[in-house]
Amino acid sequence: MAYEGILLGMGNPLLDISAVVDDEFLQKYDLQLNNAILAEDKHLSMYDEMSSKYNVEYIAGGATQNSIRVAQWMLQIPGATSYMGSIGKDKYGEEMKKNSKLAGVNVHYYEDESAPTGTCAVCVVGGERSLIANLSAANCYKFEHLKRPENWALVEKAKYFYIAGFFLTVSPDSIQLVAEHAAATNKVFSMNLSAPFICEFFKDAQEKVLPYMDFVFGNETEARTFSKVHGWETDDVEQIALKISQWPKASGTHKRITVITQGADPVVVAEDGKVKKFPVIRLPKEKLVDTNGAGDAFVGGFLSQLVQEKPVEDCVKAGNYAANVVIQRSGCTYPEKPDFN
């Protein structure tokens, strides 16, 4: 039972509404591929349009929840992972609960009475994706929920924490509380840069929690935006990863390791003032179904080995394996059992 509840995630649970669309649809709603944005008024009609016009799949998503589900799948140990976030009291919320329980994740959702469960439109064109999140209930997470004894017990039990940067838009207080707990108890706290808009518009909130991050995940676009926002005047992903890893730390127990994925290019890992690069698993173009959830799956695979105290090389290998599985399927889904050793 040593692994029970070892990994806890917190984030914005969203039901992915995923469909292959066309360029015309992207133009109509002013969408860019390989981007993640929050829905504005001009986007609100697209959810219904997708459902009526295209062949839509519903998949329990949200960046952190995806990573936790993948870590759980890789571990194959019931109850090894827990997750908190806010859903609505509606059919999408019920779908989410059912989905997560099937995945073996111990979910403690806050259920909001006033807002519908959050959704994320996943518009796929040529295997690339554009994400438009309508947070709704996910935006209503309450700090008080985290402090309830049955939920705080999950925090105390966990030894590893993972929170995507998207949660900075919802409950920075919750993040801070968990980060400080991790530092005080020598646990491992990790976050993701998550999207260029987080680095740009939530810079202060991100900077406040950065000293507590033992692992920082991100992709090349987010890393370059982070560099630009901080006036570093470099586009070199390796340099940026190094600089992030050398950002001052709140606790000296763990060093900081920065892990940046670059699509089909090698994964960049910066630690101890050095950079290592790890090639990804090559995939023929015709096998690529969609890239939605690839970064989340990478993190999930990585964390599944990290909680077993495996070396970083093994963590990256598992991350690459999980991402490779997910991009050959629609959305962040996977077969019944992993085939990773």
Side-chain angles (χ1 to χ4, degrees), residues 1-16 58-87 93-110 120 138 150-151 153-164 166-167 178 182 187-192 215 217 259 292-310 314-341:
M1 298 310 285
Y3 285 108
E4 196 191 330
I6 194 165
L7 173 63
L8 170 64
M10 292 185 77
N12 302 336
L14 302 171
L15 195 68
D16 280 354
Y58 296 97
I59 301 159
T64 307
Q65 187 164 243
N66 283 342
S67 296
I68 296 297
R69 275 178 34 239
V70 170
Q72 178 62 46
W73 169 68
M74 291 283 288
L75 282 163
Q76 294 284 310
I77 302 166
T81 62
S82 312
Y83 175 80
M84 282 188 254
S86 175
I87 59 174
E94 288 307 313
E95 185 67 30
M96 194 90 82
K97 283 196 273 196
K98 198 175 76 190
N99 236 297
S100 311
K101 289 201 172 89
L102 276 175
V105 179
N106 175 19
V107 291
H108 283 217
Y109 292 124
Y110 171 74
C120 181
E150 68 274 24
N151 299 327
L154 297 180
V155 177
E156 299 208 301
K157 184 174 244 185
K159 294 192 173 70
Y160 295 81
F161 301 97
Y162 174 67
I163 303 176
F166 294 119
F167 203 52
V178 171
K187 296 176 177 182
V188 175
F189 181 81
S190 50
M191 282 191 76
N192 203 309
F215 284 85
F217 296 96
V259 184
N292 180 36
D296 302 337
F298 174 87
V299 173
F302 190 102
L303 293 171
S304 74
Q305 304 306 299
L306 188 69
V307 302
Q308 299 178 67
E309 300 182 4
K310 299 277 175 70
D314 293 0
C315 297
V316 173
K317 228 174 248 170
N320 283 336
Y321 165 78
N324 184 263
V325 168
V326 163
I327 61 175
Q328 295 183 63
R329 301 166 68 93
S330 177
C332 193
T333 62
Y334 36 78
E336 197 186 332
K337 290 258 161 59
D339 171 26
F340 174 78
N341 43 36

Distance from [X] atom [atom1] to [Y] atom [atom2], nearest 0.5 Å?
X: L7; Y: S190; atom1: CG; atom2: OG; answer: 7.5 Å
X: K337; Y: Q76; atom1: NZ; atom2: CD; answer: 5.0 Å
X: K97; Y: L102; atom1: NZ; atom2: CG; answer: 14.0 Å
X: I6; Y: L303; atom1: CD1; atom2: CG; answer: 11.0 Å
X: D314; Y: N341; atom1: CG; atom2: CG; answer: 11.0 Å

Is there a side-chain contact between [X] and [Y] (heavy atoms, below 4.5 Å)?
X: P338; Y: V325; answer: no
X: P335; Y: R329; answer: yes
X: F167; Y: T64; answer: no
X: N192; Y: Y162; answer: yes

Shortest non-hydrogen contact between [X] and [Y], atoms and distance:
X: L14; Y: A138; answer: CD2-CB, 4.1 Å
X: A294; Y: A323; answer: O-CB, 3.6 Å
X: Q65; Y: P13; answer: NE2-CB, 3.9 Å
X: V107; Y: S100; answer: CG1-CB, 3.5 Å

- prompt: Quick one: side-chain hydrogen bond (donor to acceptor under 3.5 Å, both in side chains) pairs with a partner in residues 293-308, sequence neighbours left out?
  reply: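 Residue pairs with at least one partner in residues 293-308: N66-D296, Q305-K310.
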Donor-acceptor pairs under 3.5 Å, side chain of residues 78-85 to any protein atom, not counting sequence neighbours: which ones?
from, atom 1, to, atom 2, distance (Å)
T81, OG1, Q72, OE1, 2.7
Y83, OH, G11, O, 3.4

query: With no hydrogens and no angle check, do the side chains of Y321 and D339 hold a donor and an acceptor under 3.5 Å apart?
result: no
task: Output yes when a side-chain donor or acceptor of K187 lies under 3.5 Å from a complementary backbone atom of F161, and no otherwise.
output: no
task: Identify, with sequence neighbours excluded, every residue that meets ring pair (Phe, Tyr, Trp, His ring centres under 6.0 Å) alongside Y109.
output: none
query: Which of these, F302, Y160, F189, sits in a ring pair (Phe, Tyr, Trp, His ring centres under 6.0 Å) with F215?
result: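 So, applying the ring pair (Phe, Tyr, Trp, His ring centres under 6.0 Å) to F215 and each of F302, Y160, F189, only F302 qualifies.
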